[in-house]
*Asks:* 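Structure in structure tokens, see below.
Each chain gets a letter, A, B and so on, in the order the sequences are listed, and its residues count up from 1.
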Number of protein chains: 2
Amino acid sequence: MMNKEDIATKKNEKKYQQANECPITIFMEKIGGKWKPVIIWLLILNKVMRFNELDKSIDGISQKMLSQQLKDLEQLGILNRKSYPVIPPKVEYSLTPKGQSLEPILDAMKTWANDNVLYSK
Amino acid sequence: MMNKEDIATKKNEKKYQQANECPITIFMEKIGGKWKPVIIWLLILNKVMRFNELDKSIDGISQKMLSQQLKDLEQLGILNRKSYPVIPPKVEYSLTPKGQSLEPILDAMKTWANDNVLYSK
DNA sequence: CTGGATCCTCTGCGATACTG
DNA sequence: CAGTATCGCAGAGGATCCAG
């Protein structure tokens, strides 16, 4: 929140661009984190994947994190969850158009990381 | 004797693309977090900024976090820190070419966030 | 096979105070 | 002005077991 002095000086012309509610920050909040980009990227490459296939494809992820992240992404409207009522259970995940629209961005991130040889810390 | 492609295809009998050491993950490790994208974006817009100007431009950041993130970004070769030996102290931050090359990516993220109206949670 | 439920660790981040 | 130094928390993420 703003205090009184801030409000009082608010009309002073700002010399510099502000960054409040920056859309980039919003983007990072939604798509960021340790696993979400990888999940999306795998679904871009493979179109449709089952829970277990994602699990095996992502090195080091736990089942808890995977299901949690999948739920988040589903709520964001980025991926579809299709469950078949069979035994054993079968669930397929795929991207929505909204999710697919992330491809160029993720691809640019990939290229940048490769080009700039971000050495393992 | 086997050539490299043979070995590669032998090993890739997996049906699905793997995600180990995904460059996207590396990207997120380096550029991700709550403040780094905003700092970079401000420096793209304003070219050169002083510590205090960044502080005032980024709503809610603490001095501790700001100096920490700036240090990280400097180590990554993304920004330059130029210190003038005067009193009171004066330090200017600006992007390196490597940092400037992030502009299209951040811009794409911004556009995506706007287009997809990621409602405040 | 696809998760949910617990419990635990670790660290990113925040609040505040202090300094050359 | 441009930072450090401390303290502390909440939440991200990990390990393991259990269930439909």
*Asks:* Rounded to whole Å, please give me the gap between CD in A/Gln68 and P in C/dT6.
*Replies:* 15 Å

*Asks:* A/Leu43 and A/Tyr93: which non-hydrogen atoms are nearest, and at how many Å?
*Replies:* CD2-O, 3.4 Å

*Asks:* Side chain of A/Lys64 only, heavy atoms from C-beta on: which candidate in C/dT6, C/dG20, D/dG3 is closest?
*Replies:*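 So the side chain of A/Lys64 is nearest to C/dT6.
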
*Asks:* Donor-acceptor pair under 3.5 Å: do we get one between A/Lys34's side chain and the base of D/dG13?
*Replies:*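 Such a pair does not exist between side chain and base.
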
*Asks:* Within less than 4.0 Å of OP1 or OP2 of C/dT2, is there a side-chain N or O belonging to A/Ser83?
*Replies:*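 For C/dT2, OP1/OP2 do not have a side-chain N/O of A/Ser83 under 4.0 Å.
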
*Asks:* Just how far is it from atom NZ of A/Lys110 to atom CD1 of B/Ile26, taken to the nearest 0.5 Å?
*Replies:*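 Spacing of NZ (A/Lys110) from CD1 (B/Ile26) equals 11.5 Å.
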
*Asks:* C/dT6 C1' sits how many Å from A/Met65 CE, rounded?
*Replies:*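 My rounded result for the distance is 15 Å.
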
*Asks:* Under 30°, 30 to 60°, or over 60°: which ring-plane class applies to A/Trp112 and B/Phe27, parallel, tilted or perpendicular?
*Replies:* perpendicular

*Asks:* Under 4.0 Å from OP1 or OP2 of C/dC1: is there any side-chain N or O of A/Arg50 that close?
*Replies:* no

*Asks:* Checking contacts here: which listed nucleotide (D/dC1, C/dC1, C/dG3) is nearest the side-chain heavy atoms of A/Asn52?
*Replies:*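 The answer is C/dC1.
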
*Asks:* Rounded to whole angstroms, how far apart are CD1 on B/Ile61 and P on C/dC13?
*Replies:* 9 Å

*Asks:* If you pin A/Lys36 and A/Pro89 to their nearest nucleotides in DNA chain D, which one's is more 5'?
*Replies:* A/Lys36

*Asks:* Is A/Ser62 touching bases, backbone alone, or none of the nucleic acid, heavy atoms closer than 4.0 Å?
*Replies:*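 The residue A/Ser62 makes no contact with any strand.
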
*Asks:* Looking at A/Arg81, does any N or O in its side chain come under 4.0 Å of the phosphate oxygens OP1/OP2 on C/dG3?
*Replies:* yes

*Asks:* Please check the phosphate of C/dG3 (OP1 and OP2 only) for any side-chain N or O of A/Tyr93 closer than 4.0 Å.
*Replies:*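 Checking A/Tyr93 against C/dG3: at least one side-chain N or O falls below 4.0 Å of OP1 or OP2.
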
*Asks:* Can you measure A/Lys30 atom NZ to D/dA12 atom P for me and round it to whole angstrom units?
*Replies:*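 After rounding, the reported distance stands at 12 Å.
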
*Asks:* Between atom CD in B/Glu29 and atom P in C/dG12, what is the gap in whole Å?
*Replies:*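 Distance, rounded to whole Å: 11 Å.
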
*Asks:* Which part of the nucleic acid, if any, lies within reach of B/Tyr84 when heavy atoms closer than 4.0 Å are counted: base, sugar-phosphate only, or nothing?
*Replies:* nothing

*Asks:* Among the candidates C/dT2, D/dA2, C/dC1, find the nucleotide nearest to the side-chain atoms of A/Pro88.
*Replies:* C/dC1

*Asks:* For B/Asp55 and C/dA15, what is the distance between atoms CG and P respectively, to the nearest whole Å?
*Replies:* 13 Å

*Asks:* Closest heavy-atom contact between B/Leu42 and B/Ser57?
*Replies:*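 Smallest heavy-atom distance, with atoms named: CD1-CB, 3.9 Å.
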
*Asks:* As a test of reading the structure: which of D/dA2, D/dC1, D/dG14 is closest to the side chain of A/Trp35, going by heavy atoms?
*Replies:* D/dG14

*Asks:* Identify the heavy atoms of B/Ala108 and A/Ile105 that sit nearest to each other, and give their distance.
*Replies:* O-CD1, 3.5 Å

*Asks:* Atom CD of A/Gln63 to atom P of D/dG13: distance rounded to whole Å?
*Replies:* 17 Å

*Asks:* Checking contacts here: which listed nucleotide (C/dG3, C/dG4, D/dA2) is nearest the side-chain heavy atoms of A/Lys71?
*Replies:*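 Comparing C/dG3, C/dG4, D/dA2 against the side chain of A/Lys71, the answer is C/dG4.
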
*Asks:* To the nearest angstrom, how far is B/Leu66 atom CG from C/dG14 atom C1'?
*Replies:*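 Between C1' of C/dG14 and CG of B/Leu66: 14 Å.
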
*Asks:* Using every non-hydrogen atom in the two residues, find where B/Ile44 and B/Lys47 come nearest and quote the distance to one decimal.
*Replies:*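 The pair with the smallest heavy-atom distance is O-NZ, 3.3 Å.
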
